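One structure is given below, encoded as structure tokens.
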Amino acid sequence: MDHQSHSAEQARFEAIIAAEEKIEPRDWMPEKYRRNLVRQISQHAHSEVVGQLPEGNWITRAPTLRRKATLLAKVQDEAGHGLYLYSAAETLGVSREQMVDDLLDGRAKYASIFNYPTLSWADVGAIGWLVDGAAIVNQISLCRTSYGPYARAMVRICKEESFHQRQGYEIMRTLAAGSAAQKAMAQDALNRWWWPTLMMFGPHDAESAHSQQSMQWKIKRQSNDELRQKFVDQTVEQARHIGLEIPDPALRWNEERGHYDFGEIDWDEFQRVLNGNGPCNRQRIGDRRAAHEQGAWVREAMLAHAEKQRRRAAGRAA
Ligand code: BYC
């Protein structure tokens with residue numbers, strides 16, 4: 001492409017972004033915009049898929065049939081979210097096989113939160129309430145992302161996440177209103193999941209490698225710190241309502257800012273988890289590798305079936 005038509009394409013791209021319209025797969029886009037989206041969307045997809053593991057751990061031990069059916073449906077939804085997101089990333093010219101290989105070989109990241117263990121039934125409540133709650137805050141904002149297929153996937157995902165958040169909060173509310181042992185179990189889960197949930201929003205804005213460019217391209221619409229603050233403000237009230245205590249002695253309402261002040265995240269722990277040394281990193285990737293290997297026959301059967309259909313159609317056309 002000559003220089004002039006390249007800058008005309010660039011100007012058109014920038015005009016679409018400025019007009020709050022969507023960039024679609026057929027549109028010209030800067031290579032860095034494409035690569036940044038593939039990075040974020042594929043990491044997001046991996047998070048949904050790996051995110052099934054901590055909760056899946058409790059499907060066989062859910063306390064009632066109703067809880068089991070609800071948890072099964074939730075975990076299945078997460079698999080669906082992974083599929084929408086892999087499909088959105090595929091529109092950018094990367095194959096699903098490549099993305100999955102990158103995850104299984106440790107080249108691609110997924111949300112740090114899923115490297116923590118689920119030790120009690122209350123952890124299922126804490127994940128729904130806090131982890132899905134944090135995911136919604138982030139994803140509502142991403143419904144306005146500039147890339148069409150990503151934005152549309154987010155709309156559907158947010159509807160489902162909102163049900164997930166409520167089922168988690170309901171588990172926590174029930175436990176918090178139960179026996180002393182049940183309330184202690186809920187408080188213990190909140191104590192363990194609170195800080196890792198705040199880490200989900202990523203590093204502080206000043207430390208965030210991609211934020212500035214992503215905000216300029218409207219891939220991200222609100223910064224990591226803005227979204228984290230929004231989550232804290234809404235969740236403190238929810239904890240209070242069910243009589244649980246957020247494990248942060250520095251937490252207090254700041255009248256001047258109109259927001260809660262809160263303590264500093266342990267960024268060393270965040271880095272340890274990102275570098276593969278969290279409590280469950282090896283277990284999670286090991287489980288995904290095993291699932292991938294055990295599912296090989298399903299993929300082969302599906303491909304063989306598709307090939308048979310193709311041959312049949314070609315035979316009919318001849
Ligand atoms: N964990 O420059 P930054 C769910 C990485 S699942 C791991 O701020 P960016 C659910 C970051 O990737 C929903 N890595 O990055 C499922 C980057 O690394 P690379 C999950 C993190 O992209 C099942 C580096 O640190 N939601 O709801 O501008 C059951 C520098 O960061 C994390 C999403 O995936 C982290 N927490 O902003 C229940 C949301 N934070 O790529 C529930 C979509 C940062 O340079 N993603 N990193 O190697 C985003 O919104 C953004 O990617 C982030 C980070 C806000 C996460």
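Note that the coordinates shown come from a computational prediction; the quantities given were computed from them, not determined experimentally.
A salt bridge links R221 with E20: at least one charged nitrogen is closer than 4.0 Å to a carboxylate oxygen. Using a 4.0 Å cut-off between a side-chain N of Lys or Arg and a carboxylate O of Asp or Glu, R67 and E170 qualify as a salt bridge.
D233 places a side-chain N or O within 3.5 Å of a backbone atom of Y260 that can act as its donor or acceptor partner. Using a distance-only test at 3.5 Å, with no hydrogens or angles considered, a donor-acceptor pair links the side chain of E226 to the main chain of S223. Formation of a donor-acceptor pair under 3.5 Å by the W195 side chain with backbone atoms of P247 is found in this model. Listed for the N254 side chain is no donor-acceptor partner under 3.5 Å among the backbone atoms of D261. Using modelled atom types, one side-chain atom of R284 and one backbone atom of F114 make a donor-acceptor pair closer than 3.5 Å. Judged by distance alone, with hydrogens and angles left aside, the side-chain atoms of S42 form a donor-acceptor pair with the main-chain N or O of R39 at under 3.5 Å. At distances below 3.5 Å, not a single donor-acceptor pair connects side-chain atoms of N115 with backbone N or O atoms of G276. When atom types are taken as modelled, the side chain of K22 and the backbone of T145 share a donor-acceptor pair closer than 3.5 angstrom. Counting only distance, with no hydrogens or angles, the side chain of R96 and the backbone of E90 share no donor-acceptor pair below 3.5 Å. Proximity of a side-chain donor or acceptor of K68 to a complementary backbone N or O of I59 within less than 3.5 Å is detected.
Counting heavy-atom neighbours within 6.0 Å of H241 NE2, excluding the residue itself, gives a total of 12 or less. Around atom CD of Q10, more than 12 heavy atoms belonging to other residues, nucleotides or ligands sit under 6.0 Å away. The environment of E237 atom CD is dense: over 12 non-hydrogen atoms of other residues, nucleotides or ligands sit within 6.0 angstrom. By the neighbour-count criterion of 12 heavy atoms within 6.0 Å, atom CZ of R166 is sparsely surrounded, having that number or fewer from other residues, nucleotides or ligands.
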Distance-only donor-acceptor pairs under 3.5 Å for side chains of residues 175-186, two or more places apart:
unit_1: S179; atom_1: OG; unit_2: Q182; atom_2: N; d: 3.2
unit_1: S179; atom_1: OG; unit_2: Q182; atom_2: OE1; d: 3.4
unit_1: Q182; atom_1: OE1; unit_2: S179; atom_2: N; d: 2.8
unit_1: K183; atom_1: NZ; unit_2: G243; atom_2: O; d: 3.2

Show which side-chain atoms of residues 286-296 pair as donor or acceptor with protein atoms under 3.5 Å away, not counting sequence neighbours.
unit_1: R289; atom_1: NE; unit_2: L104; atom_2: O; d: 2.8
unit_1: R289; atom_1: NH2; unit_2: L104; atom_2: O; d: 2.5
unit_1: H292; atom_1: NE2; unit_2: R299; atom_2: NH2; d: 3.3

Show every donor-acceptor pair shorter than 3.5 Å between a side-chain atom in residues 308-318 and any protein atom, with sequence neighbours excluded, or say none if there are none.
unit_1: R310; atom_1: NE; unit_2: E307; atom_2: OE1; d: 3.2
unit_1: R310; atom_1: NH2; unit_2: E307; atom_2: OE2; d: 2.9

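Side-chain heavy atoms closer than 4.5 Å link hydrophobic residues (I, L, V, M, F, W, Y) into clusters, and following such links, even through other members, never connects I136 to L227. Cluster annotation: I242 is not connected to W121 through the hydrophobic network of ILVMFWY side chains, with a link wherever side-chain heavy atoms come within less than 4.5 Å. Hydrophobic clustering keeps I127 apart from I171 (ILVMFWY residues linked when any side-chain heavy atoms are closer than 4.5 Å, directly or through intermediates). Taking hydrophobic clusters as Ile, Leu, Val, Met, Phe, Trp and Tyr residues chained together by side-chain heavy-atom distances below 4.5 Å, W193 does not share a cluster with W58.
For R252, there are no salt bridge (Lys or Arg N to Asp or Glu O under 4.0 Å) partners, not counting sequence neighbours. Partners of F270 under the ring pair (Phe, Tyr, Trp, His ring centres under 6.0 Å) rule, at least two apart in sequence or in another chain, are W267. D188 pairs by the salt bridge (Lys or Arg N to Asp or Glu O under 4.0 Å) definition with R192, not counting sequence neighbours. Partners of Q187 under the side chain to side chain contact (heavy atoms under 4.5 Å, CB included) rule, at least two apart in sequence or in another chain, are L190, N191, L244, E245. When the side chain to side chain contact (heavy atoms under 4.5 Å, CB included) test is applied to A306, no partner is found at least two apart in sequence or on another chain. Among residues two or more places apart in sequence or in another chain, the ring pair (Phe, Tyr, Trp, His ring centres under 6.0 Å) test is passed with Y147 by none. Remark: F231 engages W194, F201 in a ring pair (Phe, Tyr, Trp, His ring centres under 6.0 Å) (not counting sequence neighbours). Checked against salt bridge (Lys or Arg N to Asp or Glu O under 4.0 Å), R156 has no partners two or more places apart in sequence or in another chain. Residues passing the ring pair (Phe, Tyr, Trp, His ring centres under 6.0 Å) test with Y33, sequence neighbours excluded: F13, W217.
Closest of all the heavy-atom pairs between C143 and A151 is O-CB, 3.4 Å. Closest non-hydrogen pair, I23 versus I17, comes out as CG1-CD1, 4.0 Å. V75 approaches G56 most closely through the heavy-atom pair CG2-N, 4.3 Å. Between I140 and C158, the shortest heavy-atom distance links the atoms N-SG, 3.6 Å. When all heavy atoms are compared, the tightest approach of A189 to A126 is CB-CB, 4.0 Å. Residues E55 and L71 approach most closely at O-CD2, 3.8 Å, considering heavy atoms.
Residues E161 and Q165 have side chains that never bring a donor and an acceptor to within less than 3.5 angstrom of each other. Using a 3.5 Å distance cut-off with no hydrogens or angles, the side chains of D205 and S208 do not pair a donor with an acceptor. Between the side chains of Q167 and H164, no donor-acceptor pair of N or O atoms lies under 3.5 Å. Under the 3.5 Å distance criterion, with hydrogens and angles disregarded, a donor-acceptor pair is assigned to the side chains of Q40 and Y150. If you check the side chains of Q98 and D102, you find a donor sitting under 3.5 Å from an acceptor.
One finds the CE atom of M154 at 10.5 Å from the OH atom of Y84 (value rounded to the nearest 0.5 Å). The CG atom of L274 sits 9.5 Å away from atom OH of Y110, with the distance rounded to the nearest 0.5 Å. Separating the OG atom in S47 from the CG atom in L103 is a distance of 9.0 Å, to the nearest 0.5 Å. Between E160 atom CD and Q76 atom CD the span is 10.5 Å, to the nearest 0.5 Å. Separation of atoms CG (D225) and NZ (K230) is listed at 14.5 Å; rounding is to 0.5 Å. Between the CZ atom of R144 and the NZ atom of K218 there is a distance of 9.0 Å, given to the nearest 0.5 Å.
The closest side-chain heavy-atom distance from T235 to T197 is not below 4.5 Å.
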